[in-house]
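Report on the structure given below.
Chain identifiers are assigned alphabetically (A, B, ...) following the order of the sequence lines, protein sequences preceding nucleic acid strands; residue numbering begins at 1 within each chain.
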Amino acid sequence: MEGVDKEKVQRVVYEMSKGSKYFQNEERKEAFIKQKIDNMRIQCASLSQADLAHYQKVADSRIVELESSRDLSRIWLHVDMDAFYAAVETLSNPTLKGKPMAVGSMSMISTANYEARKFGFRAAMPGFIARKLCPELIFVPTDFNKYNYYSDLTRKVFRRYDPNFIAGSLDEAYLDITEVCRERNVKSEEIVQELRAGVNEETGLTCSAGVAPNRLLAKVLGFSDINKPNGEYVLPNDRMAVMTFVSSLPIRKIGGIGKVTENILKRVFGINTCEQMLGKSSYLCALFSQSTAGIKRAAENIIPKFTFILSFFILFLLLDTYHHLFSQVRFRKSISNERTFSATKDEVLLHKKMEELAEMLSADMQKEGLCGRTLTLKLKTASFEVRTGAVTLQKYISSSEDILKHAKKLLQTELPISSDPTQKTITNFITSGDVNRNCSSFPDVADHDFVSNSETDLSIDSWQTSQLDWRDPFDGNHLSDVDYQSCIVQKSDCVEEVQTSSNDATSSHYNGFTEVLGSTSYQGKFEGINVKNGSNLLEDERLDSCCQEKTMLWLNDYKCSLCGIELPPSFVAERLEHSDFHLAEKLQKEESRIHQTSVPSQRRMESLDKANPRSKSCRRKKAVIHTY
DNA sequence: GCGGATCAC
DNA sequence: TATGGTGATCCGC
């Protein structure tokens with residue numbers, strides 16, 4: 001925004017945040033990212049000229065491949081309502097017009113009108129900081145009924161131009177206007193003007209639009225602020241025009257690249273724009289193609305974030321292969337609710353909060369006719385750490401009683417907070433899918449000061465494709481046959497650490513926990529593996545004896561013979577780690593085979609229930625998971 | 001399957 | 001005084 005005193009804004013934000021729990025947590029996260037960046041820099045530096053030449057070849061061949069399959073024939077339109085919530089509120093209360101106003105609360109604002117943005121508000125800025133920047137700021141509470149109503153009005157207009165338009169959110173949509181342009185033999189500009197006028201007529205609201213050969217680019221045009229507010233921008237279906245626009249585009253403008261990724265790309269590779277990304281393709285290829293999962297998915301033509309998107313982003317911009325990431329969510333995969341409340345150490349209160357959430361969740365699920373079998377509990381401590389715990393059940397559930405029953409168990413495993421790193425568990429290593437995550441121990445003496453914030457989360461997976469009804473979220477008829485179909489439930493709960501008299505006890509508690517995370521989770525991994533020798537072969541005796549499978553080799557000195565992943569010879573530690581991965585995979589398979597044949601699933605559930613006496617508290621900590 | 005993270009709106 | 005809620009995806013176990 002023009003005329004914003006950025007320095008002043010930064011200073012105010014800093015002054016208001018400094019020293020707060022929130023701020024401390026942000027610092028902790030930043031330190032983590034810094035470490036990650038340092039590690040990546042080291043990896044970069046260790047690449048030899050030969051390595052780089054190798055990866056450059058790989059990168060170049062992929063680029064050629066992608067260029068040859070480019071399609072610039074479609075015309076996509078991205079529409080974005082201007083300051084939507086704020087604009088709707090102004091419609092229903094015209095006295096707000098011209099005054100700085102924000103929709104949201106003192107905790108968080110969702111949208112601010114353009115008068116207010118002049119004061120330098122950022123996305124997701126808490127209300128109390130916004131008010132500091134602009135004391136006369138008017139707050140209006142959110143009212144989704146209104147926004148839904150107006151959103152529907154806009155969608156009626158969109159439908160005229162593309163009956164299959166894709167709704168990105170309440171205030172955003174993608175339209176394929178290729179056909180309309182062809183049928184009416186007009187340029188896209190004409191359609192866009194007409195559509196925007198139509199939206200304004202129907203709603204009294206203004207919107208901005210971007211037109212480009214694919215959705216990603218159309219949206220980026222909106223991000224670029226060149227067309228906002230109340231404007232439009234058309235990018236011709238021409239390779240040169242696209243390349244010119246994209247080459248100077250800051251990477252952060254692209255959907256999917258957020259604060260953290262931007263930081264990594266900048267500080268590790270010195271990449272600021274899309275063009276620079278192309279210049280670093282060999283490095284990107286070397287560092288981001290290491291993941292086994294990435295290779296596997298790439299083979300299946302699914303695009304994993306780092307392997308492909310980052311490495312060749314500039315080309316995907318042209319290709320639109322990236323579509324699926326932005327495509328309409330055909331059916332939900334999870335359902336959840338969460339609440340943040342002030343810190344408490346009162347366990348009774350926590351349970352009460354959880355009951356409320358379970359009921360809300362169950363009601364939401366029943367409204368949509370959903371059930372599920374994976375329940376996730378989410379806890380946020382007063383120091384803003386977030387933890388989750390999950391169970392996958394054998395049966396699908398949706399009642400609040402069922403949700404609560406399992407959520408309580410999950411909460412029990414989190415309470416009280418302890419930073420004891422010796423409480424290791426290897427259950428999830430050996431018996432994947434084992435639900436029993438409790439470990440009985442004596443009740444903890446320490447105070448577990450919690451506050452809370454509870455959330456319930458239900459997810460649904462593996463839909464039966466035959467259930468066509470499910471594809472239409474507005475169709476209420478799908479309930480009947482679904483119960484035992486493939487759904488999943490998650491429930492979550494957030495707890496914040498309490499911040500009361502027993503401050504000292506709690507904070508030291510937490511410091512301990514933080515340390516565990518910071519020092520062991522990332523590095524410990526490598527250390528453990530370095531114990532092995534420097535050989536590139538996987539020569540574990542157990543492996544040889546129990547699974548007579550092929551031994552892993554580095555083909556052409558780069559490629560893993562088992563999964564195809566590429567690692568340069570100089571990445572000794574990474575190669576060892578990779579060997580270890582294959583070993584673990586085999587062991588895990590072996591173990592689960594043994595487990596399956598010897599322990600009937602029914603019994604596993606019984607043991608779960610027995611191992612969960614309510615009176616005991618469990619001290620299992622999540623940090624532990626990272627430490628083996 | 002799980003847990004931590006990142007991202008978008 | 002005070003930093004949200006919902007849903008999705010990815011990575012590395």
Side-chain angles (χ1 to χ4, degrees), chain A residues 13 16-17 20-23 25-26 29 32-33 36 80 84-85 104-111 123-132 142 144 168-172 219 223 254-264 288 290-294 297 302-307 309 324-326 329 332-342 364 373-374 376-378 380 384-392 425 427-429 431-435 437 453 455-461 488 490 492 494 499 517 521-522 525 577 580-581 584-585 588 592 622-628:
Chain A
V13 171
M16 299 288 290
S17 304
S20 68
K21 292 277 181 189
Y22 173 82
F23 191 78
N25 191 55
E26 290 298 297
K29 288 197 289 188
F32 221 75
I33 293 167
K36 193 172 170 184
D80 195 327
F84 185 55
Y85 298 173
S105 68
M106 283 305 246
S107 296
M108 189 56 63
I109 57 180
S110 338
T111 318
M125 183 181 271
F128 67 93
I129 294 184
R131 170 159 280 177
K132 185 82 174 180
T142 50
F144 280 95
S169 62
L170 283 183
D171 71 328
E172 245 183 86
K219 170 140 189 165
F223 276 143
I254 293 161
I257 297 191
K259 194 180 124 186
V260 174
T261 310
E262 178 193 29
N263 246 301
I264 291 174
F288 289 130
Q290 292 178 30
S291 117
T292 311
R297 281 153 190 263
I302 303 167
I303 307 169
K305 188 163 181 178
F306 279 104
T307 312
I309 293 170
H324 71 283
L325 292 179
F326 291 88
V329 180
R332 60 157 81 236
K333 292 186 169 60
S334 70
I335 185 167
S336 70
N337 56 20
E338 66 184 272
R339 290 291 175 275
T340 304
F341 43 89
S342 50
D364 288 348
R373 59 183 266 264
T374 299
T376 303
L377 181 77
K378 177 174 158 189
K380 186 159 75 182
F384 290 91
E385 267 177 67
V386 173
R387 305 169 190 189
T388 59
V391 280
T392 298
T425 169
T427 48
N428 67 343
F429 190 69
T431 69
S432 90
D434 191 343
V435 150
R437 313 192 66 77
N453 169 359
E455 157 177 345
T456 11
D457 193 8
L458 168 87
S459 74
I460 300 127
D461 73 355
I488 290 204
Q490 286 189 336
S492 325
C494 296
Q499 189 47 34
L517 272 179
S521 69
Y522 212 69
K525 234 170 22 181
E577 185 188 9
D580 210 61
F581 164 75
E585 199 178 46
Q588 196 165 357
S592 69
K622 283 196 178 64
V624 173
I625 291 171
H626 293 279
T627 56
Y628 51 67

Check your understanding: Under a 4.5 Å cut-off applied to non-hydrogen side-chain atoms, are A:Asp364 and A:Ser336 in contact?
Key -> no
Check your understanding: Taking the P atom of each, how far is C:dT3 from B:dA8, in whole Å?
Key -> 23 Å
Practice item. Please tell me if the side chains of A:Val13 and A:Met125 come closer than 4.5 Å, counting only heavy atoms from C-beta onward. Key: yes
Point to revise | Note: A:Glu26-A:Lys29 ion pair, threshold 4.0 Å (strictly below) | key: yes
Practice item. Mind calculating the distance between NZ (A:Lys333) and C1' (B:dA8) to the nearest angstrom? Key: 16 Å
Check your understanding: Choosing from C:dT3, B:dC7, B:dC2, which nucleotide comes nearest the side chain of A:Ala390?
Key -> B:dC2
Review point. Would one find a side-chain N or O of A:Ser334 under 4.0 angstrom from OP1 or OP2 of C:dA8?
Key: yes
Review point. Counting side-chain heavy atoms from C-beta on, which of C:dG4, C:dG7, B:dG1 comes nearest to A:Arg332?
Key: C:dG7
Review point. C:dT3 base to A:Ser17 side chain: any donor-acceptor pair below 3.5 Å?
Key: yes
Check your understanding: How close or far is atom P of C:dG5 from atom OH of A:Tyr85, stated in whole angstroms?
Key -> 14 Å
Check your understanding: Which of the following nucleotides, B:dT6, C:dA8, C:dG4, is nearest to the side chain of A:Thr261?
Key -> B:dT6
Review point. Between B:dG4 atom C1' and A:Leu377 atom CG, what is the distance in whole Å?
Key: 15 Å
Check your understanding: Heavy atoms under 4.0 Å, any strand shown: does A:Glu26 hit a base, just sugar-phosphate, or nothing?
Key -> nothing
Practice item. Measure from CG on A:Asn263 to P on B:dA5 and round the result to the nearest Å. Key: 16 Å
Practice item. Quick one: label A:Leu170 by what it contacts on the DNA or RNA (base, sugar-phosphate, nothing), any heavy atom closer than 4.0 Å. Key: nothing
Check your understanding: Checking all strands, does A:Ala123 fall into the base, sugar-phosphate, or nothing category for heavy-atom contacts under 4.0 angstrom?
Key -> nothing
Exercise for review: Return the nearest nucleotide to the side chain of A:Ser336; candidates are C:dG4, C:dG7, B:dT6.
Suggested key: C:dG7
Check your understanding: What is the distance from CD1 of A:Ile254 to C1' of B:dC7, rounded to the nearest Å?
Key -> 14 Å
Study note, to complete from the structure: Closest of C:dA8, C:dA2, C:dG4 to the A:Met108 side chain is C:dG4
Check your understanding: If you round to the nearest 0.5 Å, how far is CD1 of A:Ile109 from CZ of A:Phe128?
Key -> 11.0 Å
Check your understanding: How is A:Ser20 classified with respect to the nucleic acid when contacts are heavy atoms under 4.0 Å: base, sugar-phosphate, or nothing?
Key -> base
Review point. How many Å lie between CD1 on A:Ile257 and C1' on B:dA5, as a whole number?
Key: 16 Å
Review point. OP1 or OP2 of C:dA2 sitting under 4.0 Å from any side-chain N/O of A:Ser105?
Key: no
Check your understanding: Rounded to whole angstroms, how far apart are CZ on A:Phe128 and C1' on C:dT1?
Key -> 8 Å
Exercise for review: Considering just the side-chain nitrogens and oxygens of A:Arg131, establish if one lies under 4.0 Å of OP1 or OP2 belonging to C:dA2.
Suggested key: no
Exercise for review: Starting at atom NZ of A:Lys259, determine the distance to atom P of B:dC7, rounded to an integer number of angstrom.
Suggested key: 9 Å
**Study point:** Closest approach of A:Phe84 to A:Thr111 (non-hydrogen atoms, all atoms of both residues)
**Key:** N-CG2, 4.4 Å
Practice item. Using a 4.5 Å cut-off on heavy atoms from C-beta on, say whether the side chain of A:Leu170 contacts that of A:Tyr85. Key: yes
Review point. Nearest to the side chain of A:Ile129, which nucleotide is it out of C:dG5, C:dT3, B:dT6?
Key: C:dT3
**Study point:** Nucleotide nearest A:Thr392 (side chain, heavy atoms from C-beta), chosen from B:dA5, C:dG7, B:dC2
**Key:** B:dC2
